[in-house]
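FYI, side chains are in, hydrogens and waters are out, and symmetry mates aren't considered; it's all heavy atoms of this structure. We name chains A, B, ... by the order of the sequence lines, and we start the count at 1 in each one. It should be emphasised that the depicted structure is a prediction, and the values quoted were computed from it without experimental measurement.
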There are 2 protein chains.
Amino acid sequence: MSLRFAILTLLESDPGSGYDLMRHFKAGIGHFWNASHQQVYQELGKLNSEGLVEFEVEHQSERPDRKVYRLTPPGQSALAEWRLQPVRPPKVNDALLVKVYGGLNVPPAQLLAELEEHAVLHRERLEEYRASEARFLAMTPEERVPYRLPYLTLRRGILYEQDWLRWLDEARVELEQMAAGS
Amino acid sequence: MSLRFAILTLLESDPGSGYDLMRHFKAGIGHFWNASHQQVYQELGKLNSEGLVEFEVEHQSERPDRKVYRLTPPGQSALAEWRLQPVRPPKVNDALLVKVYGGLNVPPAQLLAELEEHAVLHRERLEEYRASEARFLAMTPEERVPYRLPYLTLRRGILYEQDWLRWLDEARVELEQMAAGS
DNA sequence: TTTCGCATGTAATGAGTTACATGATTTT
DNA sequence: AAAATCATGTAACTCATTACATGCGAAA
């Protein structure tokens, strides 16, 4: 339900095309909001027909045309109103933990292997986030100003990945003990 | 897509009704899997028509009848096969972080208030999980055996809530600084 | 020559939420 | 008298994923 507000939030500071949004979703806020391009294009269509965003077609030679979207005043106020409403923490549905929960019926070596795959993934993400963090920290205090809040959300991503790695470690130790028959 | 496997996992060790499953979802694995009763009843219907679960009606005087579901052998093997397939970490869509990201356009006091509401929620959950943990830790090593893996998933819930509280603290400090104009 | 980046979409299906629906018993 | 617990479900709708679809230019 809040995909539209994620889109409006991004367009508010940075008008752009659906494609731009996608890159932004992947690079900038992927650690707390995920959407496919199909979803984004469809939602942009809806937002446009509801008058919350508008676009100008940008013709480009030797490149496909771009529709550059921006907020309309009604879009601005819809966003402002949404921000006044409380939101709930997202519901988590994590298949890996379902496997661990029923793990007595899984070969231990395989479960350990899958945990390690996840650890690799989390390490990779953490590296990416740390690289972004380093870019922020290299800025002067003045340069940082507009990025302070995005940086805060990045911090959430960093803590999240570190926390997962901590748990994966705990889990590995425990599963190894169990596999060793203790 | 894996709701069915969450259900099969629960029924594997504990045959029960849709209602029982719901309580189990809420009390036992709510920190990593969430489903509404409508979803559960519908999925049980599908699983039954596909022959992965079966049920016996339990008549009760002065209480509605219960359909007690259990895995069938095909259900067992479907679950075993799923466990061999790798799963991906869940995608996160967190509206609160969308608000923080665009937080320059939100009154700071309000944003801080909402963060505090979330902190309360996370503290409450952490308390519940800690209570469950205490019950586990009060057991003798022998009693613990069948609960070691569920306990591991509980640990994930505990770390998760602690981690959120840590971040909410960071965020509060930063937002207060920004509000103070520094 | 295959893949990557750019740039946009539709259609079908699956997953999840909200609303509607019933009805007895027990607790507050 | 109202709310919570037990116990089950249907229907409508919205949200998200997967598959399908196109087409050029640049890089590997």
Side-chain angles (χ1 to χ4, degrees), chain A residues 1-8 11 15-27 30 32-50 53 55-69 82 85 87-95 98, chain B residues 1-8 11 15-27 30 32-50 53 55-69 82 85 87-95 98:
Chain A
M1 215 306 64
S2 342
L3 167 61
R4 61 190 320 143
F5 300 109
I7 290 175
L8 292 175
L11 290 180
S17 67
Y19 197 87
D20 291 336
L21 279 172
M22 277 314 296
R23 274 184 302 135
H24 210 143
F25 270 113
K26 274 180 206 149
F32 63 90
W33 202 278
N34 290 278
S36 63
H37 82 271
Q38 293 91 331
Q39 257 185 297
V40 169
Y41 283 119
Q42 245 161 343
E43 197 65 38
L44 280 171
K46 269 196 241 170
L47 289 169
N48 182 56
S49 75
E50 291 171 35
V53 301
F55 65 87
E56 251 182 292
V57 176
E58 207 176 83
H59 294 285
Q60 304 188 119
S61 50
E62 320 209 352
R63 283 257 166 251
D65 291 355
R66 288 155 44 82
K67 291 184 183 174
V68 178
Y69 289 88
W82 173 73
Q85 305 305 317
V87 293
R88 266 175 285 177
K91 292 187 177 168
V92 177
N93 282 25
D94 193 319
V98 173
Chain B
M1 213 312 53
S2 341
L3 167 61
R4 61 190 318 142
F5 300 108
I7 290 176
L8 292 174
L11 290 180
S17 67
Y19 197 87
D20 292 335
L21 279 173
M22 277 313 296
R23 274 185 301 133
H24 210 143
F25 270 114
K26 275 180 206 149
F32 63 91
W33 202 277
N34 290 277
S36 64
H37 82 270
Q38 294 91 331
Q39 259 186 296
V40 168
Y41 283 117
Q42 246 162 342
E43 197 65 37
L44 280 171
K46 270 197 241 172
L47 288 169
N48 181 56
S49 74
E50 291 171 34
V53 302
F55 65 87
E56 252 182 292
V57 175
E58 207 176 82
H59 294 285
Q60 305 186 119
S61 51
E62 320 209 353
R63 284 258 165 249
D65 291 355
R66 289 156 44 82
K67 289 184 185 177
V68 179
Y69 289 89
W82 173 73
Q85 305 305 317
V87 293
R88 268 175 285 176
K91 293 188 175 167
V92 177
N93 282 23
D94 193 318
V98 173

Between protein and nucleotides 15-28 of chain D, map the contacts as a letter string: B base, S sugar-phosphate only, - none, heavy atoms under 4.0 Å, written 5' to 3'.
SSBBB---B-S---
When you measure from the side chain of B/Asn93 to the backbone N and O of A/Asn34, does any donor-acceptor pair fall under 3.5 Å?
yes
So how far off straight is the helix from C/dT1-D/dA28 to C/dT28-D/dA1, going by the axes through five pairs at either end, to 10°?
50°
Is there a side-chain contact between B/Leu3 and B/Phe25 (heavy atoms, below 4.5 Å)?
yes
Nearest-angstrom distance from the residue atom OH of A/Tyr19 to C1' of C/dG9:
14 Å
Could I get the full list of side chain to side chain donor-acceptor pair (under 3.5 Å) partners for A/Glu50, not counting sequence neighbours?
A/Arg4
Is the shortest side-chain heavy-atom distance between A/Leu21 and A/Leu44 below 4.5 Å?
yes
Using a cut-off of less than 4.0 Å, is there contact between a side-chain N or O of A/Tyr41 and OP1 or OP2 of C/dT8?
yes
List in chain and number order the residues that pass side chain to side chain donor-acceptor pair (under 3.5 Å) with B/Asn48, two or more places apart in sequence or in another chain; answer none if no residue qualifies.
none
Closest non-hydrogen atom pair, B/Val40 against B/Gly18:
CG1-O, 4.1 Å
Provide, to the nearest angstrom, the distance between the CG atom belonging to B/Leu44 and the C1' atom belonging to D/dT10.
15 Å
In whole angstroms, how far is the P atom of D/dT14 from the CG atom of A/Leu47?
15 Å
Using side-chain contact (heavy atoms from CB on, under 4.5 Å) as the criterion, list what pairs up with B/Asp94, not counting sequence neighbours.
A/Phe32, A/Pro90, B/Val92, B/Leu96, B/Leu97, B/Trp164
Round to the nearest Å and state the distance from A/His24 atom NE2 to C/dA7 atom P.
16 Å
Which nucleotide sits closest to the side chain of A/Arg23: D/dA7, C/dC6, C/dT8?
C/dC6
Which residues pass the salt bridge (charged side-chain N to carboxylate O under 4.0 Å, His left out) test with A/Asp20, not counting sequence neighbours?
A/Arg23, A/Arg66
Provide, to the nearest angstrom, the distance between the CZ atom belonging to B/Arg66 and the C1' atom belonging to D/dC6.
9 Å
Parallel, tilted or perpendicular: ring planes of B/Phe5 versus B/Trp82, cut at 30 and 60 degrees
parallel
Whole-Å distance separating the NE2 atom of B/His59 from the C1' atom of D/dC6
17 Å
